[in-house]
Amino acid sequence: MDGFLFAGWVVRIPAIKAQTGAGAGTLGLALLGVSVGAVAFMMLTGRLCRRFGSHAVTVASGAALALSILLPPLARSATALGLVLLVFGAAYGSLNVAMNSAAVELIATLRRPVMSGFHAAFSLGGMVGAGLGGLVAAHLSPFVHLLVLAVCGLLVTAVAGVALLRRRTGAGTPAAPPEERVERRCPAAPDRPRGSRVPDRTRRLVLVFGVIALCTAYGEGALADWGALHLSQDLAASPGLAAAGYAVFALAMTAGRLSGTVLVERFGAARALVAGGGTAAAGMLLGALAPTAWGACAGFAVAGLGLANIFPIAIARAGATGGPDGVAVASTIGYGGMLLGPPAIGFLAEVWGLPVALTTVALLAAVAALVAHLTRGAHRSEVARP
């Protein structure tokens, strides 16, 4: 549901941009509202989950996201759009923190590494939402389209809420899940006594994994908000084809994440990170600079395959190095890249044009691959410590 609703908003960005009369830079500033709202409520949601349980907060956040998606098509200026996106971002950030907390608790209970499946479900929702959005973009106004999505979101929240609230979660931080064992020969980091000092080396390595996550999450956020606009504005694609660009990206992400566990088991996490970053960089260069919309869509698909598993692997390696605290730090840094990428692309597009701005996604993916390559030995030595 989360991916489905977010994709529905994404594919209507070109129409809402025209409706508000915003330029690329102004739209980028308005999109910053999503980032600000999400980051502010991510911090608050952690406390709410400890107070009320992650299941209850997930249900409340899901309903809030479904309702807030109705606000952007009501905006008639860039300023109004930025303000309503604060609300939308708050609901989106809150839901992501709450449902990830619930997922961690479930993984700890199941003792099975099923987190990749959850990430794949988000990508699948994005693919379906973008695909349906492409079909209806030429026939429904943004408000009617997003109204239908809001109703769907509320229905899913109500059905899921029955099961979630039946088994309420308790307060406190769950134990680290076995998902964090991402290298076949590398055990998860042992839990440290409460109040003990985390070694500086471990802290630095966790930050490195957070930077890897940020570099690739930047690309996912940028493609979500600017991919359709690039196809329609720079390559004269029809509304349906413009929406299909994000759909093929989401499809590739889904396929890549479904095969992520096998990939890591066969080649190891470090090699998977390097290969993913290189593949994503090549795909985004094609997606940004291809002279045709179909060529750009092919590039988006390759980029999706490359980016698919980098974020989950980076978070898992941070957990193997620093335990639950490592997961929290790297996740916060990584989500920052996803949220701040779209407004950064907007400012760069205002100066150099959208195709050039999108090449920064390729640059950061290459940086992630390089950092992963340079730190592979350090990671092995860190996790091998008793």
Side-chain angles (χ1 to χ4, degrees), residues 1-20 22 26-45 48 57-100 122 125-126 128-130 132-133 137 140-157 217-218 220-229 243 246 250 335-346:
M1 186 201 75
D2 187 33
F4 181 75
L5 294 182
F6 187 76
W9 143 248
V10 165
V11 300
R12 301 318 296 249
I13 286 177
I16 293 175
K17 175 181 180 291
Q19 171 183 298
T20 59
T26 307
L27 179 62
L29 187 61
L31 293 174
L32 189 61
V34 178
S35 306
V36 174
V39 169
F41 270 76
M42 280 180 175
M43 299 169 61
L44 176 62
T45 302
L48 293 175
V57 180
T58 297
V59 174
S61 300
L65 182 67
L67 293 173
S68 65
I69 202 174
L70 291 171
L71 299 177
L74 299 177
R76 290 297 181 268
S77 68
T79 301
L81 180 62
L83 292 174
V84 300
L85 288 180
L86 282 170
V87 180
F88 179 75
Y92 180 74
S94 180
L95 178 59
N96 274 270
V97 170
M99 67 182 180
N100 273 300
F122 174 86
V128 174
L132 291 177
L140 296 178
S141 69
F143 179 77
V144 174
H145 176 200
L146 297 183
L147 175 62
V148 173
L149 297 190
V151 173
C152 293
L154 289 173
L155 289 174
V156 171
T157 301
Y218 173 96
E220 187 173 350
L223 273 176
D225 279 4
W226 292 101
L229 192 61
Y246 182 71
Y335 275 115
M338 183 179 295
L339 297 170
L340 296 177
I345 291 289

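Residues: numbered from 1 along the sequence shown.
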Review item, side-chain donor-acceptor pairs of residues 36-43, under 3.5 Å, at least two apart:
none

Next on the checklist: Could you go through Val151 and Leu155, starting from their C-alpha distance and side-chain angles, then the distance that decides it, and tell me whether this counts as side chain to side chain contact (heavy atoms under 4.5 Å, CB included)?
Outcome noted: CA-CA 6 Å; Val151 173; Leu155 289 174; 4.2 Å; yes

Under 4.5 Å between any side-chain heavy atoms of [X] and [Y], yes or no?
X: Ile345; Y: Leu31; answer: no
X: Pro72; Y: Leu85; answer: yes
X: Phe4; Y: Val156; answer: no

Considering all heavy atoms, the nearest [X]-[Y] contact:
X: Ala78; Y: Ala30; result: O-CB, 3.7 Å
X: Gly8; Y: Leu146; result: O-CD2, 3.6 Å
X: Leu147; Y: Leu70; result: CA-CD2, 3.4 Å
X: Thr20; Y: Ala75; result: CG2-O, 3.8 Å
X: Pro14; Y: Val11; result: CD-O, 3.6 Å
X: Leu95; Y: Leu65; result: CD2-CD2, 3.7 Å

I need the [X] [atom1] to [Y] [atom2] distance, nearest 0.5 Å.
X: Leu27; Y: Leu32; atom1: CG; atom2: CG; result: 11.5 Å
X: Phe122; Y: Met1; atom1: CZ; atom2: CE; result: 11.0 Å
X: Thr58; Y: Leu48; atom1: OG1; atom2: CG; result: 11.0 Å
X: Leu149; Y: Leu154; atom1: CG; atom2: CG; result: 11.0 Å

Next on the checklist: Show me the pairs that pass side-chain hydrogen bond (donor to acceptor under 3.5 Å, both in side chains) and involve residues 62-73, at least two apart or across chains.
Outcome noted: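 Qualifying pairs, neighbours excluded: none.
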
Item to check | Pairs meeting criterion side-chain hydrogen bond (donor to acceptor under 3.5 Å, both in side chains) with involvement of residues 73-99, two or more places apart | outcome: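 Pairs touching residues 73-99 that pass the test: Asp2-Asn96, Thr45-Ser94, Ser61-Ser94.
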
Next on the checklist: Students often mix this up, so state it plainly: with edges at 30° and 60°, are the rings of Phe88 and Trp9 parallel, tilted or perpendicular?
Outcome noted: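 Tilted.
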
Checklist entry - How far apart are the C-alpha atoms of Leu81 and Gln19, what are their side-chain angles, what is the distance that settles it, and do they pass the side chain to side chain contact (heavy atoms under 4.5 Å, CB included) test? => result CA-CA 10 Å; Leu81 180 62; Gln19 171 183 298; over 6 Å; no

